Protein chains: 2
Amino acid sequence: MAPRKLKAAEHPPIAAPRQHKADAKAAASHPPARHRPQTRIQKEKQDIILEAALEVFAVHGFRGSTIDQIAEVAGMSKPNLLYYFPKKEEIHRRLIAALLDTWLAPLREMNADGDPFTEIRSYIRRKLEMARDFPRESRLFANEMLQGAPRISEMIEVDLKGLVDEKAKILVDWMDRGLLARADPYHLIFSIWATTQHYADFDVQVRAVLGKGRNGEGRFEDAARYLEQLFMHGLTPRPRPGQKT
Amino acid sequence: MAPRKLKAAEHPPIAAPRQHKADAKAAASHPPARHRPQTRIQKEKQDIILEAALEVFAVHGFRGSTIDQIAEVAGMSKPNLLYYFPKKEEIHRRLIAALLDTWLAPLREMNADGDPFTEIRSYIRRKLEMARDFPRESRLFANEMLQGAPRISEMIEVDLKGLVDEKAKILVDWMDRGLLARADPYHLIFSIWATTQHYADFDVQVRAVLGKGRNGEGRFEDAARYLEQLFMHGLTPRPRPGQKT
DNA sequence: CTAACATTTTTCCAACTGGTCAAAATTTCC
DNA sequence: GGAAATTTTGACCAGTTGGAAAAATGTTAG
């Protein structure tokens with residue numbers, strides 16, 4: 001199939017919080033979720049706050065961001081914001097929780113039954129689309145990693161590692177069947193993460209280097225083309241002398 | 001030649017400040033550099049401070065770091081620290097200035113007269129060594145980028161862009177001569193930056209995914225091997241049907 | 001030794017920070 | 001319409017933050 005070009009993907013509210021299974025001490029949030037689970041208005045306001053928080057946290061990190069900043073971006077007073085999220089940490093936690101899920105979705109889609117190159121190409125494109133369409137999410141994630149992931153160590157050690165282990169197996173299987181050049185599957189995945197997220201996290205640098213020219217929109221297309229070439233050629237199996245089968 | 005393994009590179013004091021050409025208002029620093037340029041002791045203390053600041057800034061970013069933290073790591077009182085660097089921003093500025101220079105050194109070494117693959121392989125290895133030996137510097141840089149490079153926009157728009165433009169020309173020349181697969185030289189450089197720096201900036205993630213096994217030391221070796229393969233194969237010129245010459 | 005200078009510590013401060021609380025304004029429900 | 005519940009605001013607070021001032025403590029050259 002023709003490589004579908006990086007189209008403007010629908011912008012799902014990536015930051016939308018989702019209830020995580022809290023059974024016992026029924027949700028620690030103050031006024032919301034006491035008798036009735038969620039008011040329509042409450043959810044709206046919370047989303048506005050999370051949106052604003054994403055904007056701020058993505059740039060300044062957790063410690064570098066202030067509730068006042070977030071409140072201002074959200075267009076409400078600080079006490080009012082604190083009415084919905086009694087703790088600064090709670091906002092951050094909600095953002096991160098929602099993020100990781102969405103962030104790993106593209107990798108989850110990598111299908112063992114598909115053609116390796118089609119799958120990998122699709123994965124790269126999806127990741128690149130996410131870097132383009134959700135740069136703030138990417139930066140939030142990067143910020144967290146830079147700080148040593150103090151707030152999500154468990155998540156990356158379980159959910160993320162689990163998923164990567166699973167997909168690494170698929171890659172190795174493809175390699176075993178000679179459909180893909182033999183290479184370290186983990187580092188292969190790392191390299192896809194790195195090259196795609198780079199365009200979100202280091203956007204300023206990319207823009208600066210490419211100059212003020214017509215790169216404004218073209219850079220993601222160019223990146224897609226380049227990365228596709230790099231990985232497709234780089235991972236094409238080549239019969240080497242002294243290899244069995 | 002046999003691929004020299006990633007050896008423990010000498011640890012040059014990357015953070016060592018260097019006087020930048022300030023001619024007029026002779027250096028804004030308070031007590032230092034008034035009559036005599038620099039006392040031996042002053043330089044020592046400044047280096048200790050810069051070291052500590054690197055440690056802190058690299059993790060928490062500019063806004064998220066406090067002078068108290070830096071002072072504590074440096075083993076001195078806050079006012080004492082402020083005696084050497086009257087402004088928090090000044091510390092950061094010095095770090096960044098020294099950093100960018102060192103950071104671009106590997107790229108500067110890429111030699112137009114060398115063999116393309118040797119040059120690129122060396123570049124990748126050097127960058128990977130830097131990610132391994134100077135992760136804090138890498139994170140400091142990443143932090144600055146994430147924030148939109150407010151303090152170094154000029155540097156990246158001039159020095160960095162200039163250097164990349166120059167090296168991109170070399171790459172294109174190699175491609176023209178059929179020594180290297182045709183590809184966007186800018187995105188080629190980006191991909192090397194991304195894949196190598198990833199091991200410093202996302203170290204926690206890399207460690208978590210690779211598991212608690214024997215990866216502790218091996219991951220940089222594995223990464224080097226993998227990246228070498230990816231880029232060497234990915235950039236090998238292949239005569240395609242319908243291509244002139 | 002001691003005056004001149006360099007360094008360090010103590011004290012202090014105004015602005016900012018995350019967060020509380022009760023009163024006021026608004027919305028919801030009957 | 002009005003009582004009850006929800007949302008918003010203003011005043012406030014204790015701890016932190018970047019930084020200033022000045023006194024106290026070295027250090028060094030004559």
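Every chain is numbered from 1, with letters handed out A, B, ... down the list of sequences. Quick caveat, the model's predicted, so the values are computed rather than measured.
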Under the side-chain hydrogen bond (donor to acceptor under 3.5 Å, both in side chains) test, which residues partner [X], sequence neighbours left out?
| X | answer |
| --- | --- |
| D165(A) | K161(A), Y186(A) |
| T196(B) | none |
| E166(B) | none |

Can you check whether [X] has a side-chain N or O nearer than 4.0 Å to OP1 or OP2 of [N]?
| X | N | result |
| --- | --- | --- |
| Y83(B) | dT7(C) | yes |
| Q42(B) | dT7(C) | yes |
| Y84(A) | dT8(D) | yes |

Practice problem: Quick one: which residue pairs count as a salt bridge (Lys or Arg N to Asp or Glu O under 4.0 Å) with a foot in residues 66-88 of chain B, not counting sequence neighbours? | Solution: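 Sorted pair list: D68(B)-K78(B).
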Practice problem: Sequence neighbours left out, what passes side chain to side chain contact (heavy atoms under 4.5 Å, CB included) with I170(B)? Give chain and number order. | Solution: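 Applying side chain to side chain contact (heavy atoms under 4.5 Å, CB included) to I170(B) gives A112(B), K167(B), W174(B).
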Quiz item: Does P79(A) have any side chain to side chain contact (heavy atoms under 4.5 Å, CB included) partners at least two apart in sequence or in another chain, and if so, which?
Solution: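 P79(A) satisfies side chain to side chain contact (heavy atoms under 4.5 Å, CB included) with S77(A) once adjacent residues are dropped.
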Self-check item: Inter-axis angle, terminal five-pair segments of the helix from dC1(C)-dG30(D) to dC30(C)-dG1(D) [nearest 10°]
Solution: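 Answer rounded to 10°: the end axes differ by 10°.
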Could you state the [atom1]-[atom2] distance from [X] to [N], rounded to the nearest angstrom?
| X | N | atom1 | atom2 | result |
| --- | --- | --- | --- | --- |
| K88(A) | dT16(D) | NZ | C1' | 12 Å |
| E44(A) | dT7(D) | CD | P | 11 Å |
| Q46(A) | dT6(D) | CD | P | 14 Å |
| I49(B) | dT7(C) | CD1 | P | 11 Å |
| K87(B) | dT17(D) | NZ | C1' | 13 Å |
| L82(A) | dT17(C) | CG | C1' | 11 Å |
| F85(B) | dT8(C) | CZ | P | 13 Å |

Practice problem: Could you identify which residues of residues 61-81 of chain B place a heavy atom less than 4.0 Å from some atom of DNA chain C, listed by residue number, or say none? | Solution: R63(B), S77(B), P79(B), N80(B)
Self-check item: Contact summary for V73(B) and A52(B), nearest pair of heavy atoms
Solution: CG1-CB, 3.5 Å
Quiz prompt | Side-chain (S138(A)) to main-chain (F134(A)) donor-acceptor, under 3.5 angstrom | solution = no
I'd like a table of donor-acceptor pairs (distance under 3.5 Å, sequence neighbours excluded) in which one partner is a side-chain atom from residues 53-66 of chain A, with atom names and distances.
| residue | atom | partner | partner atom | Å |
| --- | --- | --- | --- | --- |
| E55(A) | OE1 | R136(A) | NH1 | 2.5 |
| R63(A) | NH1 | G64(B) | O | 3.4 |
| S65(A) | OG | V56(A) | O | 3.4 |
| S65(A) | OG | G61(A) | O | 2.6 |
| T66(A) | OG1 | Q69(A) | N | 3.0 |
| T66(A) | OG1 | Q69(A) | NE2 | 3.4 |

